Amino acid sequence: MKRALGALVPVLFVALLLAAWEIAVRALNVPAYLLPAPSAVAEALADNAGLLAASAWTTLSMALAALVLASLTALAIALAISLNPLAERSVRPVAVALQVTPIVAIAPLVNIWAGLDHPERAVIGLAAVVAFFPIFSGAITGLKSADPDLERLFDLYSARRVQRLLRLRLPSAVPFLLEGHKVAAGLAVIGAVVAEFVSGSGGAKGLAWRLLEAANRLQTAKMFAALLILGLMGVAAHALFQALEEAVLKRWRGR
Amino acid sequence: MTAAALQAIEVDYPGRGRALGPFSLALQPGEIVALVGPSGCGKSTALRLLAGLEAPTRGQVQRAAGRGETAVVFQAPTLMPWASALDNVALPLALEGVDRAQARRRAQAALSSVGLSAAHGAKPAQLSGGMAMRAALARALVTAPKLLLLDEPFAALDEITRRGLAADIHRLWAQQKPAIVFVTHNVEEAVYMASRVLVMTPGPGRLQAEMTVDATLPRPEGFRTSALFREMVERTSAALAQAMAA
């Protein structure tokens, strides 16, 4: 009973909010280009469902490609570093510099490198830059997180460097890697949208392109519809990685 | 012949001064020695020196240097949380390059010897504190070490589990006869377990008193109520009180 109520309350709250919005827009005669009523947003969503879904898929697939790219690079560099302690001090400042540089500032540069004919490559590259840091940081922290007494045990049995990495440090890093990927997944979607704003996405038109297009035509209801899908996509990505994290951790810990 | 020895050891830590020494200890093969003392008397440092995990500032450490000839059980079970009990126990063999099937067979035998044969597939989180400690003991014994170092292995256990584990250690000692050095705060545990009890002073750790417990090993549970046990506990406690006052 209490649980059912707990699930019902947020739904009721949102419904109440939407109702108030609808009534206010109608009562005050707010022009649709300024603030469309929820019913108008729903209509725009239904009218453009196919178009928006295709765009959402474009953005999502670019974000996923960026996530994979970021994951592979971050892991490779973190592993190389963990085998050579001196390397961390050299690489970390570069990684931090990359992280604190706004993505919009490096976008024109990446556009040139990707080639003006391939804006989707630029989007993937830029989104990967954004997703890189949480994975890299998690990997570096995780690879150092092994129980010091277990490290001593590996010393005691004269473990080789590779044995220590594969049998101790990588498994110890698993929870940190999962957390890093969960954060990075959300950032990759945000990164893809922002990158699309500044780079365009060529023939493949993502959600950001739809937002710009609708804004230019003052189709505010369609903008809201695109934003709604964007929000749902972010929530879904987060939920997916949350579930993945819980499942893997359960196996990892054995309970 | 000695199993291991510390000769005129001194250990200084930068900024904290002398932690241990001068201190000497010669271990006979198959002997069980207890190091008793207050916190900060360097007893864990002495153990790490014997394990080769730390080097002394001055003095000589003599130890069996072969892989798997020295084993350590830490205060906590220190098992890998992602690996099964069997894989945890097989770890020293895997690191030595023993082939997987043989390593698993020997690990299973070691688990059985500590009464955990049914728990081979369990992850550490599924084991009780006492079971996890016994798994750690099985891991230490799986290579049949000549020197077994125990760093307060009972500290986190309740009285009943602690007595069970102490009896287990004696029983296993009787099979392989490794030399054992074991560090503890607990005077009764030291007297029950050891053939020789060394009481240490704090800051820096030095030898305050040395006592031989003249009863055959392994000892029955009834030894805890004998006159000799009570006398040794009193003498050790008195020496410990002196060490604290010094």
Side-chain angles (χ1 to χ4, degrees), chain A residues 71 74-75 78-79 82-83 85 135 137-182 241-255, chain B residues 44 47-55 63-98 100 103 119-127 132 136 139-140 142-143 145 147-149 151-153:
Chain A
S71 175
L75 283 179
L79 282 179
S82 78
L83 287 173
I135 302 178
S137 187
I140 290 289
T141 311
L143 287 169
K144 282 195 241 163
S145 72
D147 181 338
D149 275 343
L150 273 173
E151 293 273 10
R152 282 185 199 112
L153 203 71
F154 275 67
D155 289 340
L156 184 73
Y157 293 111
S158 331
R160 283 178 285 121
R161 231 183 248 193
V162 177
Q163 286 180 319
R164 190 184 295 264
L165 183 65
L166 294 181
R167 290 181 176 274
L168 177 61
R169 295 200 176 154
L170 258 184
S172 299
V174 164
F176 296 85
L177 288 174
L178 290 169
E179 180 67 24
H181 278 84
K182 188 173 72 179
F241 274 86
Q242 179 82 39
L244 187 74
E245 184 181 24
E246 275 166 24
V248 175
L249 276 185
K250 202 175 157 196
R251 250 189 85 84
W252 190 85
R253 289 198 200 101
R255 68 165 180 204
Chain B
S44 292
L47 217 60
R48 283 198 295 275
L49 291 172
L50 284 168
L53 292 173
E54 205 177 306
R63 53 187 288 270
R67 268 188 168 189
E69 289 193 14
T70 305
V72 181
V73 175
F74 298 100
Q75 220 173 93
T78 319
L79 300 169
M80 303 178 288
W82 58 86
S84 68
L86 187 69
D87 286 338
N88 266 293
V89 174
L91 177 73
L93 300 174
L95 294 178
E96 270 178 40
V98 174
R100 196 176 152 77
H120 57 89
K123 297 270 177 85
Q126 296 163 323
L127 302 174
R139 178 181 60 195
V142 78
T143 56
L147 177 60
L148 177 59
L149 305 168
D151 190 0
E152 302 200 38

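Reckoned from all heavy atoms, side chains included, excluding hydrogens, waters and symmetry mates. All values reported here derive from a predicted model rather than from experimental measurement. First the proteins, then the strands, lettered A, B, ... as listed; each starts at 1.
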Residue, of A/Leu168, A/Leu156, A/Asp155, that accumulates the most heavy atom pairs under 4.5 Å with chain B
A/Leu156
Does any backbone or side-chain atom of A/Asp149 lie under 4.5 Å from a heavy atom of chain B? Answer side chain, backbone, both or neither.
both
Reported CG-to-CG distance for the pair A/Leu83 and A/Leu165, which is rounded to 0.5 angstrom
5.5 Å
Heavy-atom proximity to chain A below 4.5 Å, by part of B/Ala140:
backbone
Is it true that, when you exclude A/Arg164 itself, more than 12 heavy atoms of the residues, nucleotides or ligands shown sit nearer than 6.0 Å to its CZ?
yes
If you define the side chain from C-beta out and look only at heavy atoms, does anything of A/Glu151 sit under 4.5 Å from A/Arg169?
yes
Considering all heavy atoms, the nearest A/Leu143-A/Ser82 contact
CD1-CB, 3.8 Å
I'd like to check B/Trp82 versus B/Asp87 (side-chain heavy atoms, cut-off strictly below 4.5 Å). Are they in contact?
no
Taking every non-hydrogen pair under 4.5 Å, which of B/Ala71, B/Pro92, B/Ala83 racks up the most with chain A?
B/Pro92
Looking at A/Asp147, A/Val174, A/Leu153, which has the largest count of heavy-atom pairs under 4.5 Å with chain B?
A/Leu153
Could you look at B/Ala76 and say if it's the side chain, the backbone, both or neither that has a heavy atom under 4.5 Å from chain A?
neither
Examine whether an atom of B/Leu79 lies under 4.5 Å from a heavy atom of chain A, and if so say whether it belongs to the side chain, the backbone or both; otherwise answer neither.
backbone
Is any side-chain heavy atom of A/Gln163 closer than 4.5 Å to a side-chain heavy atom of A/Tyr157?
no
